[in-house]
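Here's the structure, in structure tokens; my notes come after.
As the structure lists them, so they are numbered: ligands from 1, and atoms in each ligand from 1.
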Amino acid sequence: MNSFSQYKESYQEGKTLPQDFYTDESIFTDEMKAIYFKQWLMVDHVTRIKNPGDYFVFEAEKESIIIIRGRDNEVRAFYNVCTHRGSRICLDEEGSKKLLVCPYHAWSFSSEGELKAARHMPDDFNKSENGLRECHLKIFEGLIFINLSMESPMDFDEFILPLKEILNFHNTGKSKIAARKKYPTKANFKLVLENFQECYHCGPAHSELSAIHEKDWVFTMGAGLGTAPQKDTDEYLEKIRPWVEECRKKGIPSDTYLETEEGLKQGLNRYFDRTPIGNGHLSQTKDGKPASKLMGKFKDFDGGLSQVSFNPFGCCYFTNDFGVMFIFKPNAILESEVELIWLVNEDAIEDKDYKADDITFIWDITTQEDTTIIENNQKGVLSHSFVPGVLSENESAVTYFYDWYFTNMQLP
Ligand code: FES
Ligand SMILES: [Fe+2]
């Protein structure tokens, strides 16, 4: 019996995970292999690298990936590992280069990953066999996804299919980056992800978010379906039915997508919903007023919010006029990072059509609050007195997340 199945036996449904899941290095290593390295991970927006030679480095766990636009205008992803003796090649977070030169012995690689120069090598050395190792990459509607699997990953078209319509509608392919911010979090990644599955904490922890949205939205839909017991959710959905009907008439995708039984068996967890912000608010801003030009295919403001999730490591929220990409990264057993990237219409001009502070206000403050509560959670989970606690009726999505987690850990 391996350690994971022993640990799994100690998990009781309806409670949080036992302490070892958050503290055992061997579990973390297994999780990276079984889960993180197999997912299609949303990592950035393509407008970060507009010109040939533009690159950025995506780092998570021990991996470092160079995402670069080649001279042929194709975007590719390469392991930031020199094929000579393994040094990191790009040391800056982003930049623009004609050649990627390794800082150790100066082997140099083209923006398409080919080895161009290596000094004093034996006569039989073949440069064409020593290019950078490529990593799976796909772009959909301007969103860059990578997959760190060393084998063939799940077919990307199949993966993105249920979320295509909503992403097309918000037209992320015709948007640009308005702001970005990183939130290093001293906690195991599962505590970060669990926190994002529930809004039981929203009342006590997020006064600003709770003020912007209608109270019953926070209670029933703050973390998507599963935020509240079915009866309360049904009542809320009945209340907003006329608004949803109106959206449908206008051709705005407004049905909820919950992962299919088949998808769950494959370890998938895709989701989207669209609900009104409420309180007469048109956008997720402090005063509820629009923050920028309309984005996507909207003809007017309807005050809606779309929550689109690819898997627990990445999701996007969209109002009518801006989007926020949420990227959750495990770095080490007790170290994670959340990165937020805000998107606006590609034609919007800063300070004329939008102010970055208005757009970033709610998710910046909410994520700072989340960082604090997650780090406090981790501190308590490390105590020798910690035992798994009973989940509330407003945390059933945490159990749903654990089911996803266990399915992935046990997939062949
Ligand atoms: S390790 Fe990169 S050139 Fe030697
Ligand atoms: Fe939160």
What about the rings of Phe328 and Phe189, do their centers lie closer together than 6.0 Å? no
Tell me, please, if His201 has any N/O/S atom, main chain or side chain, under 2.8 Å from the Fe ion (ligand 2)? yes
Below 2.8 Å, can you find an N, O or S atom of His84 next to atom 2 (Fe) of ligand 1? no
Leu191 and Gln378: which non-hydrogen atoms are nearest, and at how many Å? CD1-OE1, 3.3 Å
When you measure from atom 1 (S) of ligand 1 to every protein heavy atom, which one gives the shortest distance, and what is it? Arg85 N, 3.3 Å
Report, in ascending order of atom number, the atoms of ligand 1 lying under 4.0 Å from any heavy atom of Cys82. 1 (S), 2 (Fe), 3 (S)
Strictly under 2.8 Å, is atom 2 (Fe) of ligand 1 approached by any N, O or S atom of His105? no
Can you tell me the N, O or S atom of Asp370 that's nearest the Fe ion (ligand 2)? OD1
Of all heavy-atom pairs between Ala397 and Leu225, which one has the smallest distance, and what is that distance? CB-O, 4.5 Å
Show which atoms of ligand 1 fall inside a sub-4.0 Å distance from at least one heavy-atom site of Trp107. 3 (S)
Do any of the N, O or S atoms of Cys199 sit under 2.8 Å from the Fe ion (ligand 2)? no
Is any NZ, NE, NH1 or NH2 atom of the basic residue among Lys231 and Glu393 found under 4.0 Å from an Asp or Glu carboxylate oxygen of the other? no
Nearest option to atom 2 (Fe) of ligand 1, as decided by whichever heavy atom of Gly86, Cys102, Ser87 sits closest: Cys102
More than 12 heavy atoms of other groups within 6.0 Å of Lys293 NZ: yes
Could you check, using the six-membered ring where one of them is a Trp, whether Phe196 and Phe401 have ring centers closer than 6.0 angstrom? no
Say whether Tyr271 and Asp273, considering side chains only, have a donor N or O and an acceptor N or O under 3.5 Å apart. yes
